[in-house]
Amino acid sequence: MDSGTLAPREVYKWGIITALGVVAGYVAVLLANVRHFYTDDTESQYAPLWVMMGRRLREGDLPIMVPEHWMAGNYTIEEAGLLNPPQLLIDLIAPSVDNLALYATVVKLIFAIVLGLGVYRICLAYGSRAPWAAVAGVAIPFSGWLLFFDESSWMTAFTGTAWLAHAWASGVRYARGRSGPIPTFVFLYLAISVQYIFPAVEAGIMIVAVAIGELVYQRKWQPSLRLLVVSACAALAGLATYLPSMLSAKVTWRGTAQINNDQLLTVPWSESLNAGLPSTLPAFTTWWGYVQPMPVVYVAWFVIPALAFVDWRKALDSARELTAPALFTAVVLMWTAGPGAIGPLRWPARVLPMVALGLLVLFGVLLGRFATFADWRRRGLIAAGLIGLLWLRSVSAAPQEVVWHVVSALAVAALGAAVVWLARGRGAAAACALMVVSIFPIAYLQVWSAQPTPLGWNLPEHRSQMKAAFPDFPGTTMQLGDRALIPPGERILEGAYGSLVFGNYAKDLELTYVSGYTPNGHFQFGEMLCMRWDTSVCPDAFRRAFAVEPTTGKTIVDLMKVDRVVLHTALYPDARNQSAPQGWKWVDYPGHEKYISVLERETGLLSTVNGRVAAANGVTAESIAESDATSRVRVSSETGGRVVFARLNWPGYRVTLDGREVPVDAVAKTFVAVDIPAGTKNAELKLAWQPPGWPIGGASALIGLLGVGVLYWLYRRRGEDESAGLPQAEDAIEAELAVR
């Protein structure tokens, strides 16, 4: 039974309730912390990236590479969603919005609704009644890891999960002949192309689980084969998203493909299963120690006690149909326990949203099809025992919170009793309504009790205020600072954030700074300047930046064509007492002396001179055309020489000299360089960068599109409802859940 066999009015009504429930939950969270959805990576990575991408898109440019951003400038390997249409729409709107906290919250609310409706659809696809499916749909955005990490911070993980849920629902419907292949293809492509590897891998696990589940349920292989084929088409279409990362990995921090059992963010199964007590503070290793300050393994208060009210005889009779959600949940639960890293897949706690997804789908279907309140006293005692087990697990993990665990357990018991009373007297719809409403105060209390959040950077919200407070820095700026040296009380616009940038903050300001927030930094560049993922550096970075590269005779800042060096006074307190390096001068920026000392070139901006030619030894080199991806230079050399470009040596560069391909070299394993043969006269040197693997990705995308087209043609040609021969789930569902 799914939305095709339920009354459409019922489906739409509870779908609207699901959406409104998610909105109400967001309001509750914002009452506890108005910045909850604008914290950590959202404020420091994603929102500024949206602004920069949107500005470039409005200029008619897809910014796959921005050389002046150096370590973080290769956006084909960052989490930019370059090939994801909804993400590009978010980018296009971003520059028009002044309040980034408001914008991020609205965007996340939209995706929370998308996710809630996705879970609602999965439950309906497996035969759940709409009210129970709505409970699962409203609960998912307020499960622990999603609420405290993916929604508050890790945006691409959140959006990928939202699309994955719809791919699951559409995949089941397609396998059962109730829908064509296009919805499954589209939702899978959107999950893959968010440009974050976890949703792509999780989607693969989900599809395999559904294919196995449908084979077990339908006892024929053709539906599962069709599902696997359309999924392969989506994977082919999304291949271009990850080929540049795979083919560039050798030069990044992620270059070593390894499997290890690092215990950071590895979750023991005992903690993953502690899903039903709102006060739970699980015990596993993170950045804040062993006992966590947030209930990140929480799923929903009802998901475990509700097991007591399932008619397991009827459920076991229909167990074949639930193979997929059970298998999916088991696999992702195993993943959360380790290993700690599988190549780029590190920190298995990130898979906790998949555990919540699987458990809530099982809850929605088991209760939506097999709920019973007969013999409610005995079942109530069993539920109380389950709550007691949850309490024991939570006390074991965080014994210092024993009082709150007692209060939480009593509250869950009281809510459960109220739900049973309503279900018996007023019916399932009333009971489900109470469960939906109960989600809101719990979300409020959980977020309120976790304040101040340990995740927040506290970056400013209004771009107009940021730009008004910050110095006007034209050209390319290199900042040498350390975010850890900013006292918490000074992480405000009136303090350090009026003078210093970290992460992608410079993109909010529409300024060009070297580097930014990057989990995929260029290894050699990072080593050269001891620059970290958030742009922080070590104290030796100043010496390194002004060191002379011996083969060119130029300093590193000259080879980078940097116009300005901003020194964090906390890292370099005596900087202004030292003489400026040759060719540089100290420049005063009144009102900013507390946080920065500024060096600028005596001769003005270097970044505007001769394109991106940084050094020419034994060669005359004149720039004739520049773009982010291409440099065209007129070169001459009697005896042979070398041209060095202010470009990071990412894989993907190709060079021609008067149309003949010549090798690409590198200076200091960092800067793109080209050797010019003797006797060259007025030749055109063309240096062009293309994301490695994109031609292959383009061809695979075309194959994927052709494949789904063929599948759609076959679907239309069959022209029959293949669900007619399936075992009918609705035969196993009671007309009413209430026991009279």
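All values derive from a computational prediction rather than experimental measurement. Computed from heavy atoms alone, side chains included, the values below leave out hydrogens, waters and symmetry copies.
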*Check the pair F158, F149 against ring-ring contact (aromatic ring centres under 6.0 Å, His included), reporting the backbone distance first and the verdict last.*
CA-CA 9 Å; F158 180 45; F149 277 96; over 10 Å; no
_Could you check whether R369 pairs with E321 (Lys NZ or Arg NE/NH1/NH2 to Asp/Glu carboxylate O, under 4.0 Å)?_
yes
*Taking the inter-plane angle between the rings of F198 and W335 on a 0 to 90° scale, is it parallel (under 30°), tilted (30 to 60°) or perpendicular (over 60°)?*
parallel
*Do D375 and R378 sit within salt-bridge range, that is, some charged N less than 4.0 Å from a carboxylate O?*
yes
_So does S152 get a backbone contact from the side chain of T39, meaning a donor-acceptor N/O pair under 3.5 Å?_
no
*Going by the angle between their ring planes, with limits at 30° and 60°, are F363 and W132 parallel, tilted or perpendicular?*
perpendicular
_Would you compute the distance between atom CZ of R426 and atom CH2 of W421 and round it to the nearest 0.5 angstrom?_
5.5 Å
*With sequence neighbours left out, which residue pairs that include part of residues 199-208 fulfil the salt bridge (charged side-chain N to carboxylate O under 4.0 Å, His left out) condition?*
none
*Are the side chain of Y120 and the backbone N or O of V11 linked by a donor-acceptor pair below 3.5 Å?*
yes
*asked:* With salt bridge (charged side-chain N to carboxylate O under 4.0 Å, His left out) as the rule and sequence neighbours excluded, what pairs involving residues 268-278 come up?
replied: E271-R393
_With a 6.0 Å cut-off on the ring centroids, do F309 and W376 count as close?_
no
*Please indicate whether W347 has more than 12 foreign heavy atoms, meaning atoms of other residues, nucleotides or ligands, lying under 6.0 Å from its CH2.*
yes
*Other residues, nucleotides, ligands: >12 heavy atoms within 6.0 Å of W288 CH2*: yes
*Taking only residues two or more places apart in sequence, or in another chain, which ones meet Q451 in a side chain to side chain donor-acceptor pair (under 3.5 Å)?*
N33
*asked:* Using the side-chain contact (heavy atoms from CB on, under 4.5 Å) criterion, which residues pair with A450? Sequence neighbours excluded.
replied: F148, M294
_Under a plain distance cut-off of 3.5 Å, with no hydrogens placed, do E401 and S279 share a side-chain donor-acceptor pair?_
no
*Please say whether the positively charged group of R350, taken as NZ for Lys or CZ for Arg, lies over the ring of W145, i.e. under 6.0 angstrom from the six-membered ring centre and within 45 degrees of the axis.*
no
*Results of side chain to side chain donor-acceptor pair (under 3.5 Å) for H166 - residues two or more places apart only*: R121
*Spacing of OG1 belonging to T18 relative to CD1 belonging to I140, to within rounding of 0.5 Å*: 12.5 Å
*Any side-chain donor paired with an acceptor under 3.5 Å for Y715 and S179?*
no
*So, H405 versus S394: side-chain donor-acceptor pair below 3.5 Å or not?*
no
*asked:* Between Y174 (side chain only) and P183 (backbone N and O only), is there a donor and an acceptor less than 3.5 Å apart?
replied: no
*Determine yes or no for a side-chain-to-main-chain donor-acceptor pair under 3.5 angstrom, with T336 supplying the side chain and L333 the backbone.*
yes
*Side chain to side chain, L102 and Y38, heavy atoms closer than 4.5 Å*: no
*Donor on one side chain, acceptor on other, T372 and D311, under 3.5 Å*: no
*Under the side-chain contact (heavy atoms from CB on, under 4.5 Å) rule, collect the residues that match up with V27, sequence neighbours excluded.*
L31
*How many angstroms lie between OG in S143 and CD in E151, if you round to the nearest 0.5 Å?*
7.5 Å
_Check this for me: does any side-chain nitrogen of one of R35 and E43 sit under 4.0 Å from a carboxylate oxygen of the other?_
yes
*Side-chain heavy-atom pair F142, I442 within 4.5 angstrom cut-off*: no
*Return the minimal non-hydrogen interatomic distance between R173 and A125, and the atom names on each side.*
CG-CB, 4.4 Å
